[in-house]
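Single-structure report; data block below.
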Amino acid sequence: MNTADRLDLLTRYTEEVVTEDELEELLDGEPTAYIGYAPTGEMHIGHFTTIRKLADFQRAGVDVTVLIADLHAHLDSEKSPWDLLDARSEYYEESIRAMLDSAGGDPESIDFVRGMDFQLDEEYTMEMYRMAAETTVSRAQRAGSEVVRESESPNLGGLIYSLMQNLDVKALDADIAYGGIDQRGIYMLGREILPDHGGEAPVCLFAPLLSGLSGGKMSASDATSKINLTDDPEQVEEKIDGAYCPQGEVEDNGVLEYVRFLIFPILEEREETFVVERPEEYGGDLAFEDYDDLEATYVEGELHPQDLKNAAAGYVDEAIAPIRERLTDRPELLADAYPENYE
RNA sequence: CCGCCCUUAGCUCAGACUGGUAGAGCAGUCGACUGUAGAUCGACUUGCCCCCCGUUCAAAUCGGGGAGGGCGGACCA
């Protein structure tokens, strides 16, 4: 595979690349990439979009490390209780493996690492203290503002959070820091300070964040705004049917975003088209080769939201089915990780 | 170590002075209207009133103790 093709694989479906020139330069060598997940709330369909890219990394010959950031999960306002970190880490790892598997990646050749396995090392800790001494409170706050829980009385942990995440890049020896666009603030701080702490400014790749189904951002705490990996077909249909989906409008349209960032990448891989089954009275079935085609038709008003929803629900369900199966096969994973939800 | 303030619905808070078995807004649920959702209109739901003890016929409310959170002071040889 030539450099242009690899670059294309790496950057497709991304929100931003910092910077594309630096990324291209990296491809002369054998770059490595990393992404971190803090095992907090239950994983949902939004995670799927970031995980799919891991498959792209692999196709492009970039080694991937997945960090299960257990310490971070507690550091951010104790989102995960200390006693549940192990159980949630295990659940996250299994879910990520399942998602990657169904996205056409190879979980076996991914390096899974737990945060606490190296974040307590003396060298790491020492460097963290030095960063803490050099970073102002407001700078740290700004860096993590999109990631760390906001509050009138923020915890110290939320400030250390960003420093550590950047040290992770160095500790894991990653050339590419990958994550959702919400991680931007943290890594921009990292590009600034990591070189002063024995590391290198990482090249950053950011995935888009999907809108929630109720309009606005997807919220982990709003059940109706997101599809869970374990939702059954009826729940998927209900949630999508109830989604905010203004006719002809693209902005804040979660359904359209699901179709674009979740479904079409899968169809593209399989070289299939997006089929909308539609009653004769509304014009009969439709098939779309690519997303732009579908969006154009939608904007023109030739594709009704209800028909779009019906089709999308079917595809979304198909996408999560294999993951749902693996998780329901091992019910103890979720039960141990979220005892209050699964008794 | 000392002082002051806060803790009531999923969220933001009112009610406390003057005890009588709890309210508003937002959120949520359900209808109406749209071939979806939203908006709009109509209806509805939601509570260990932080915990314990006491006073009282009766405590969210008064008294005592405790827990959690916030703010300030003191200490700075």
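Because only heavy atoms are used, hydrogens play no part in the values below, and waters and symmetry mates are left out as well, while side chains stay in.
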Could you tell me whether A/E152 contacts a base, only the sugar-phosphate backbone, or nothing, with contacts defined as non-hydrogen atoms closer than 4.0 Å?
nothing

Looking at [X] and [Y], would you say the former's side chain and the latter's main chain have a donor-acceptor pair under 3.5 Å?
X      : Y      : value
A/E93  : A/E90  : no
A/D252 : A/S211 : no
A/Y91  : A/M43  : yes

[atom1] atoms of [N] and [M], separation to the nearest Å:
N     : M     : atom1 : answer
B/A22 : B/G15 : C1'   : 8 Å
B/C50 : B/C13 : P     : 15 Å
B/G25 : B/U40 : P     : 15 Å
B/C48 : B/A37 : C1'   : 38 Å
B/U29 : B/G72 : P     : 41 Å
B/U56 : B/U46 : P     : 34 Å

Measure the distance from [atom1] on [X] to [atom2] on [N] and round it to the nearest whole Å.
X      : N     : atom1 : atom2 : answer
A/I227 : B/A37 : CD1   : C1'   : 14 Å
A/Q306 : B/A37 : CD    : C1'   : 9 Å
A/H304 : B/G38 : NE2   : P     : 14 Å
A/E237 : B/U36 : CD    : P     : 15 Å
A/N155 : B/G70 : CG    : P     : 8 Å
A/E249 : B/A39 : CD    : P     : 14 Å

Considering Watson-Crick and G-U wobble pairs with both distances under 3.5 Å, what does B/A74 pair with?
none

Taking a pair to mean Watson-Crick or G-U wobble geometry with both distances below 3.5 Å, B/U40 pairs with B/A32

Choosing from B/U36, B/G38, B/G35, which nucleotide comes nearest the side chain of A/Y244?
B/G38

Can you label the angle between the A/F118 ring and the A/Y124 ring as parallel, tilted or perpendicular, going by 30° and 60°?
perpendicular

Verify the neighbour count for atom CD of A/E150: are there more than 12 heavy atoms of other residues, nucleotides or ligands below 6.0 Å?
no

In terms of the nearest nucleotide of RNA chain B, which residue is placed more toward the 5' end: A/G242 or A/S153?
A/G242

